[in-house]
Each structure stands twice: as structure tokens, then as C-alpha cells.
Amino acid sequence: MAAVSFQVSKKLSLKNAILIVLLLLAGVFVLKIFDITSLHAKSASYSIALTDCYRAESFMRLAKIFELLPQSGLIIQSSKTVSNPKESVIKQATELLDEAAAEQPDSIVILCKKIILEAETKKNLKPDLDRLASICAAASEKKVSVQEQKLANLVLSLYGQNQDRSGSSKFLELNTHADNLLKSILSDGWYGDSALLKLYKVENQNKKYEQLFSEIQNKNWQYLFKLMMVGVIATISAMVGVVIIIYQLIIRNNEPSTHAEQNDVNSLAVSQSVYKFNWQIVILVFLAWFFTQIFIAYISSVLRQKGLFISYASSLSTAISITLIYLLSNGSALLYIYFLAFKPIGLKLTDGLSLRLKVSNCGTIALVIIGLLGWFAAMPIVLAAHLISVHFFGSSGSSNPIISIVMKAALDNDLAAILLFYFTLGVLAAFCEESLFRGFLYGYLRGRHSSLLSNLLSSALFSILHFDSGAALQLFCLGSIFAYLREKTGSIVPSIIAHGIWNSANFTLVLLLLGN
């Protein structure tokens, strides 16, 4: 009987190995034929450039705040030995836009933003104006949209060297709808406001100029208040997190294990004994999920280029598209887990993922509270990881393409889009990723290895598969915290809660700092 069992196991193992090889070959074929790697690189490059533009915008808003503070008597002028904070943030903004323009040299929108910043900082505009004019001259070859071409002509008209432009009929005709053009492409952020001020000044529309100037001043004060509020909340949250970490490491670990805690450990060990599939099944699930993501990304890119179904024309259409893409590409992981791993061995999806709403003497509310406490604990740890990445590894922050999309939604202030992004990032992403990494992967590893090794391996893969080198250490720390919550409770509910709050808090931060 044992020999028969061995033969069956061997046949299954061989079958899985063949499936892995075929899946890898199919993946390589798809990557090569459709040049998906190149498409992903181009998309990531553009997203990074846009993110740099938004970050530069935040720095310029901060520079305007430094102009306000001395006038109100809130700060004392610094001595000559201390660097000027305004000049420092302007320098950072300039460097970010230089990098963005170098990353996307043919982007009219990015080049226009660079010209607007250079005009504000009294830099030489001629090289970039000449570059913009040459792009417009070759508009048909570079497939420039009508809106972008109008924006380029407007910027050339505003910041060019024509002294009599304000009185020419061509200028007035060109800028009949300039207000809407600037707001639609540059939004109501710093770039759009600065360009509008320039427009009103050139057209001698003094009333509109003064009204907009007053609105910008109010925005700057609101931005200062938001910065202070974010600083206070972040400080308090980090302090609470430190207290939780100290309590967990020093006090909690020294307490004798209670009967309930021992039951939790035993139930976790029992739950892992049902994972009868081998490591090849785990690889199959991850390969199938990975190549599904690549395939969905390629299809969505093709559909968007043809103007079919997937659209990034507005924040709402972008939010709908991102939600659908995420649901298809990451929701498929749950199907692969169930049909490839759990169903063949008769295991329920909720049991296999440890999706328990009650464990021992902890009910749903208690698990939610544990997740919230886990989020607090993550604050100081991830902040420390970020500082280490910046100072020791030269990281410039996350390069995730979703960041630029989220920042655009924040600038547009579309309520429906914002709510949909909260659902996608705070609910959908948290549930799918925790089910895959802490439910499936960590559960499999924990049945065969120690909690420490299982934590390290699952967290490392969680970080690697985000393909975000700028936030790799931060993602590893987050994964480790989520795995710790999974280990201590025997349920992925706390890690889902912590993950969802983390994503939602980051989105809220973007809304506060970029939204109006």
C-alpha cells in the first residue's frame, strides 16, 4: 500500500513539474512575442516621470509656505550659516523635474511643467522653449494629441519672447478657452495656478489676477494646516506604535502562555497539517498568477490605445479601469489557489486561507482591533525602513505606477473616483494580497518551517513581486508585520485590516497634500 502511495505521489509530482516547465515556456513566449517587457518598462518610466512632477509640485507648494511664514512673524530669519529652506525645496523640485524631463523627453505636459517652474525660479527658458517648439513642429510624427498641442502653443505664447503677444488677435484667439485648457491638463494644482496667473497678467485681467492670487494664498494656508495636521497625526501614531512594539517584545513575551494562547498555537499547527500538496503546486499558483497579471496588463494597454473599454481620460474612468484590471489580475489568484491547491485535496477556501472571523476567545471585533494595532506598530518600523533606504541605499521613494494615477485623482478632486480608489486600494488589494501571501504562501511554509523562516520567506517574496525597488525594504517590513499578525492570531483578518488601513492612510495622505 505504501508503494502504491509512493507511485501516485511520484506521478503527481512529475505532472506538476511538466506543468511548471510548460507554463514557464509559455510565459517566455508571450513576453518575447508581444514585447511585454518593453511595454512595461515604458509604462513604468512614464509613471515615474509623472510621480516626479507631482512631488515637485508638492515642493513648490512648500516653497510658497516659506514665503508666508516670515511675513506672519511665525519664524525668525535664519542666519547666513543655515541653508535657506525655501531654496532647498525649490532645488529639489527642479531636480525632480529635470529627471522627469530626461525620463520622458518627448512629453509635452512634462516639458510645459518644467518651463512653468523655470519661469517661477528665474531660470533660462530658451532651451526648453526651443525643445517644445520642435516637438510641436513634429506633432504628426510624435502623435501629439490636439489638447497637448494647444497647451504647448499656449505655453510658448505665454513664456516666449514675443513682447507684443498680448495685443495680437492670434494670441487672444489662441487663449479664448485657456482657463479650461490649463485646468483640464494641469489641474488646479501649483502648475495650473502659476500658468493662470501668468495668463491673467499678460492679458491685463487685473480683477481675475487678484482673485486668483487671493485664492492661491488661501490654498497655501490650507496646505500649511494640512502639513501640521499630518505631522501631528503621524507623530502620535508612531509613538503609539512604539508603545505597542515595546509591550509586545518586552512585556507580552515574558508573560506565561495561557490556555487560550496554547489553543491558538495548537489550532494553527493542526490547520497546517491539511496542506497535503507539495511545493510545485505553490510555484504553479504563483506562476499562473504572475503571467495572468502580465497578460491582463498587455490586453488593457492594447484596449486603451484603441480607445476600447479601458480609459484613462478622466479620474473616474481611470478608477473604474484600475478596479477592473486589479480584480481580473489579482482576483484570479484566489481561483488558482482554490482549483490548483485546495479543491484537489477537499479543502475549503476559507479554511485553507485561515480566513477566520473568530479564533479561540477572539471574536471579529477583537481581530479588527488587533489589525488596527498592527497598523500603528507598522508606522515607526516602516518610517525607519524608509530613512534607511534613503540615506544608505539612495532610494528616491516608491516607483509603483499606481502612485502617479492616485496623485492625478487627488488633483482632480473627483469624489466618485476617490471612493472607488479607496475600495480598490483599501479593500480589494488588501484582501487579495493577504489571501495570497499570508493565507496561502505563509500557511504552506508554516506547516513545514519555523515561524521566523516562514515570515522571512513570505515577506521577501511579497516585496520582490511588487517590483518596486524604491520601496523594497518598506514592503518587506510591512509583509513581516502582516505575517506576525497571522502567526499570533491564526487568522488573516488582522493582516487584511492592517493592510487595508495602511493603503487607505497613504491614499488619504496624497489627498490631503495634493487635493484642493
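Since the structure is predicted, the reported quantities are computational estimates derived from the model, not experimental observations.
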*Could you tell me whether R486 sits above the aromatic face of Y442, with NZ or CZ closer than 6.0 angstrom to the six-membered ring centre and within 45 degrees of the axis?*
no
*Please assess I233 against M229 for the test side-chain contact (heavy atoms from CB on, under 4.5 Å), listing each intermediate value before the final yes or no.*
CA-CA 6 Å; I233 293 174; M229 184 172 63; 3.9 Å; yes
*Any chance you could measure E148, atom CD, to L111, atom CG, to the nearest 0.5 Å?*
11.0 Å
*Taking the side chain as C-beta and beyond, is there a heavy-atom pair between L456 and F476 under 4.5 Å?*
yes
*Looking at residues at least two apart in the chain, or sitting in another chain, which of them share a side-chain hydrogen bond (donor to acceptor under 3.5 Å, both in side chains) with Q92?*
none
_For the student: nearest non-hydrogen atoms of M379 and A238, plus distance_ = CB-CA, 4.1 Å
*Would you call S58 and Y223 a side-chain contact if the rule is heavy atoms closer than 4.5 Å?*
yes
*Any residue meeting ring-ring contact (aromatic ring centres under 6.0 Å, His included) with F421, in chain and number order, not counting sequence neighbours*: F507
_Set out, in order, the CA-CA distance, both residues' side-chain angles and the distance that settles side-chain contact (heavy atoms from CB on, under 4.5 Å) for F59 and T94, then state yes or no._
CA-CA 9 Å; F59 280 126; T94 303; over 6 Å; no
*Taking all atoms of both residues into account, what is the closest heavy-atom pair of L316 and A416, and its distance?*
CD1-CB, 3.7 Å
*In Å, rounded to the nearest 0.5 Å, how long is the span from CD of E103 to CG of L97?*
13.0 Å
*What residues, two or more places apart in sequence or in another chain, satisfy side-chain hydrogen bond (donor to acceptor under 3.5 Å, both in side chains) together with S459?*
N455
Please tabulate, one pair per line, all N/O donor-acceptor pairs under 3.5 Å involving side-chain atoms of residues 335-350, not counting sequence neighbours.
unit_1	atom_1	unit_2	atom_2	d
Y336	OH	T292	OG1	2.6

_For Y191 versus A56, what's the shortest heavy-atom pair and its separation?_
OH-CB, 3.5 Å
*Euclidean distance, I418 CD1 relative to T508 OG1, rounded to 0.5 Å*: 9.5 Å
_I'd like to check the side-chain hydrogen bond (donor to acceptor under 3.5 Å, both in side chains) partners of W502; sequence neighbours left out, ordered by chain and number._
none
_If you define the side chain from C-beta out and look only at heavy atoms, does anything of L441 sit under 4.5 Å from F286?_
yes
_side-chain hydrogen bond (donor to acceptor under 3.5 Å, both in side chains) involving T323 - partner list, sequence neighbours excluded_ = T424
Quiz: residues 425-439 side-chain donor-acceptor pairs under 3.5 angstrom, not counting sequence neighbours:
unit_1	atom_1	unit_2	atom_2	d
E433	OE1	H499	NE2	3.4
E433	OE2	Y326	OH	2.8
E434	OE1	R438	NE	2.9
E434	OE1	S495	OG	3.0
E434	OE2	R438	NH2	2.7
E434	OE2	H499	ND1	2.6
S435	OG	F431	O	2.7

*Sequence neighbours left out, what passes side chain to side chain contact (heavy atoms under 4.5 Å, CB included) with S504? Give chain and number order.*
Y422
*Considering non-hydrogen atoms only, spot the tightest contact between A498 and G371 and give its length.*
CB-O, 3.3 Å
*asked:* Rounded to the nearest 0.5 Å, what separates atom OG in S237 from atom CG in L383?
replied: 11.5 Å
*Partners passing side chain to side chain contact (heavy atoms under 4.5 Å, CB included) against A505 (at least two apart in sequence or in another chain)*: W375
*Considering only NZ, NE, NH1 and NH2 on the basic side and carboxylate oxygens on the acidic side, decide whether R131 and D106 come within less than 4.0 Å.*
yes
_Which atom of A152 lies closest to which atom of I108, heavy atoms considered_ = CB-CG2, 3.9 Å
_Test item: S491 side-chain N/O and R356 main-chain N/O as donor-acceptor pair under 3.5 Å_ = yes
*asked:* If you define the side chain from C-beta out and look only at heavy atoms, does anything of I381 sit under 4.5 Å from H386?
replied: no
*Looking at D193 and K219, what are the two nearest heavy atoms and their distance?*
OD2-NZ, 2.9 Å
*asked:* Going by the rule side chain to side chain contact (heavy atoms under 4.5 Å, CB included), which residues pair with E95 if we only count those two or more places apart in sequence or in a different chain?
replied: K91
*Could you go through the side-chain contact (heavy atoms from CB on, under 4.5 Å) check for V230 and L509 one step at a time?*
CA-CA 8 Å; V230 167; L509 179 63; 3.4 Å; yes
*Between CD of Q248 and CD1 of I244, what distance do you get to the nearest 0.5 Å?*
9.5 Å
_Could you check whether any side-chain heavy atom of N330 comes within less than 4.5 Å of a side-chain heavy atom of Q293, counting everything from C-beta outward?_
yes
*May I ask you to test the L334-F440 pair for a side-chain heavy-atom distance under 4.5 Å?*
no
*Mind checking whether L478 and Q474 have side chains closer than 4.5 Å, heavy atoms only?*
no
*asked:* Could you walk me through whether E57 and M60 satisfy the side-chain contact (heavy atoms from CB on, under 4.5 Å) test, starting with their C-alpha distance in whole Å, then the side-chain angles of each, then the deciding distance to 0.1 Å, before giving a yes or no?
replied: CA-CA 5 Å; E57 183 168 15; M60 291 309 297; 5.8 Å; no
*asked:* Are L445 and L453 packed together at the side-chain level, in the sense that at least one heavy-atom pair is separated by less than 4.5 angstrom?
replied: no
*Can you check whether Q104's main-chain N or O pairs, donor with acceptor, with S107's side chain at less than 3.5 Å?*
no
*Value rounded to 0.5 Å, distance of OG in S354 from CD1 in I492*: 7.0 Å
_Under the side chain to side chain contact (heavy atoms under 4.5 Å, CB included) test, residues paired with I497 that sit two or more places apart_ = V368, V493, I501
